[in-house]
Chemist: 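Below are the structure tokens for one structure; questions will follow.
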Number of protein chains: 2
Amino acid sequence: MKSYHHGNLKEELIKYACTICERDGYTKLSIRSLAKESNVSQTAPYRHFKTKEEVYAAVAAEGFNKLYKAVFVESDKLTLKDFIQSSKNYIDFGLQNANTYDLMFGTAVGDFSQHPELVETANKTFESLVLNLSSFLKDKDEDILAGKSITVWALLHGMVGILRKQSITEVTFTLKNLVLWALQEE
Amino acid sequence: MKSYHHGNLKEELIKYACTICERDGYTKLSIRSLAKESNVSQTAPYRHFKTKEEVYAAVAAEGFNKLYKAVFVESDKLTLKDFIQSSKNYIDFGLQNANTYDLMFGTAVGDFSQHPELVETANKTFESLVLNLSSFLKDKDEDILAGKSITVWALLHGMVGILRKQSITEVTFTLKNLVLWALQEE
DNA sequence: GTTAAGATGTTTACACTGCAAACATTAATT
DNA sequence: AATTAATGTTTGCAGTGTAAACATCTTAAC
């Protein structure tokens, strides 16, 4: 016997949206299929999301949470090994969650500022990760430290983009050497 | 008096597709609007593109051509100034053609290998650019040189992704210092 | 505790989409 | 000149985003 009200429809919708977006790509997600999956009428999701883009934003936010969990290393001061592992985890996340990653960094959600919750989640994630990185990239100068962190991030982010399109260029590299070289640490 | 056959429909379709994809994002492109713009029946485009994804592939290929023109520097041996300018041009291209860039590096065209012309164009572009870069990043060792080129590319590519989402983090940096630092020159 | 209001669901409707199939016209090849 | 291939049109289907009007349940106010 099912009641008129679902109870926690929004969460269920997001959960399924995440699954579809990652498995088939976000263009394959339809509000209607979403509704059907929760045994709810076609337009019920519109009580929780004004537009489809808001669903995308929710999925992207979840993506940032997952990224955080995948990359963060519990430590006050990262060792080199931690650092390499963390970098590896970032790239792996990007490759193994390609469609979600695309949603997070592509143009599907055009203007983050329209989705305050997404902005908050994304900021929280990156502040934590940069802070985490900083404990390895120790440097007196604050600006240089920030610059290094961003550069490492850009490098990893860029690597994800490149490795995803193997067909463009066959890339063989050892992550460790590359990062070390870019950071000019021994 | 218009003739039954258009003449060069395919080119016209691609041209308009590029405009729409860049202006509104590729999700806004419809085969039908494309057809209408060329004063041709709704399904005429299907004589030239089997699926919508093939249209995307064509737009992406055009994107790689434009990227090449924007970034390539005519010179046998890049000066530092050339190199910086070229890097700047890459980032500018990514920022000012955000939607096209997304089409080129995102997941809209799922499998490049399904679109041989796109693979060819993308490869040509990157071979040229890497070769161009190499003339600045001179190094005895071939592998190190390749590694450096890829790293520079990844760094630039990553920067585009990050700068696009200013809302995530306010990034202030001087391109020159950053690249130089990453390359540990000077 | 009854009631009014707000949240959350349903139904219906509209204009639009990708794309398949059957057909028409023209261009190219023999 | 006749056949074939290329390129166009018409029609049709199943699916889409989302607006509007309506129903039901939950919650807060009295």
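If you're wondering where the values come from, they're calculated on a predicted model, not measured in any experiment. In the text below, chain A, chain B and the rest are named by the order of the sequence lines, each starting its count at 1. Note that these values count all heavy atoms, side chains included, but never hydrogens, waters or copies made by symmetry.
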Chemist: Distance check needed: dT9(D) C1' versus Asn39(B) CG, whole Å only.
Modeler: 14 Å
Chemist: Which angle, to the nearest 10 degrees, lies between the helix axes at the two ends of the helix from dG1(C)-dC30(D) to dT30(C)-dA1(D), each defined by five pairs?
Modeler: 10°
Chemist: Expressed in angstrom and rounded to an integer, what is the separation of Lys10(B) atom NZ from dG8(D) atom P?
Modeler: 12 Å
Chemist: Where do Ser75(B) and Asn132(B) come nearest, in terms of heavy atoms and distance?
Modeler: O-ND2, 3.9 Å
Chemist: Is there a donor-acceptor pair under 3.5 Å between the side chain of Ser38(A) and the backbone N or O of Ala35(A)?
Modeler: no
Chemist: Can you measure Asn8(B) atom CG to dA6(D) atom P for me and round it to whole angstrom units?
Modeler: 18 Å
Chemist: Main chain of Asn65(A), side chain of Lys124(A): is a donor-acceptor contact present, judged purely on distance under 3.5 Å?
Modeler: no
Chemist: Taking CD from Glu11(A) and C1' from dT8(C), how many angstroms apart are they, rounded to a whole number?
Modeler: 15 Å
Chemist: Does Lys15(B) offer a backbone N or O that forms a donor-acceptor pair with the side chain of Thr19(B) under 3.5 Å?
Modeler: yes
Chemist: Between side-chain atoms of residues 41-51 of chain B and protein atoms elsewhere (two or more places apart, or another chain), which donor-acceptor pairs fall under 3.5 Å?
Modeler:
unit_1: Gln42(B); atom_1: OE1; unit_2: Arg32(B); atom_2: NH2; d: 3.2
unit_1: Thr51(B); atom_1: OG1; unit_2: Glu53(B); atom_2: N; d: 3.3
unit_1: Thr51(B); atom_1: OG1; unit_2: Glu54(B); atom_2: N; d: 3.4

Chemist: For Tyr101(B), check ring-ring contact (aromatic ring centres under 6.0 Å, His included) against everything at least two apart and list the hits.
Modeler: Phe105(B), His157(B)
Chemist: Are any non-hydrogen side-chain atoms of Leu129(A) and Leu133(A) less than 4.5 angstrom apart?
Modeler: no
Chemist: Taking the side chain from Asn89(A) and the backbone from Val71(A), do they hold a donor-acceptor pair closer than 3.5 Å?
Modeler: no
Chemist: Whole Å only: how far is the CG atom of Leu9(A) from the C1' atom of dT10(C)?
Modeler: 13 Å
Chemist: Where along residues 50-63 of chain B does a heavy atom fall under 4.0 Å from DNA chain D?
Modeler: none
Chemist: For residues Phe126(B) and Phe64(B), establish whether the separation of their ring centroids is below 6.0 Å.
Modeler: yes
Chemist: Measure the distance from CG on Leu34(A) to P on dT18(D) and round it to the nearest whole Å.
Modeler: 13 Å
Chemist: Looking at residues 17-32 of chain B, who's got a heavy atom less than 4.0 Å off DNA chain C?
Modeler: Leu29(B), Ser30(B), Ile31(B), Arg32(B)
Chemist: Write down the distance between CZ (Phe49(A)) and P (dT8(C)), rounded to a whole number of angstrom.
Modeler: 12 Å
Chemist: Please give, in whole Å, the distance from dC22(D) C1' to Tyr46(A) OH?
Modeler: 19 Å
Chemist: Just wondering, do Asn99(B) and Tyr26(B) contact through their side chains at under 4.5 Å, heavy atoms?
Modeler: no
Chemist: Assess whether one donor atom and one acceptor atom, taken from the side chain of Thr43(B) and the base of dT11(D), lie less than 3.5 Å apart.
Modeler: no
Chemist: Please confirm whether the shortest side-chain N or O distance from His48(B) to OP1 or OP2 of dA6(D) is below 4.0 Å.
Modeler: no
Chemist: Of the options dT12(C), dA22(C), dG9(C), whose atoms approach the side-chain atoms of Arg47(A) most closely?
Modeler: dG9(C)
Chemist: Just jot down the ring-ring contact (aromatic ring centres under 6.0 Å, His included) partners of Phe93(B), sequence neighbours excluded, or say none.
Modeler: none
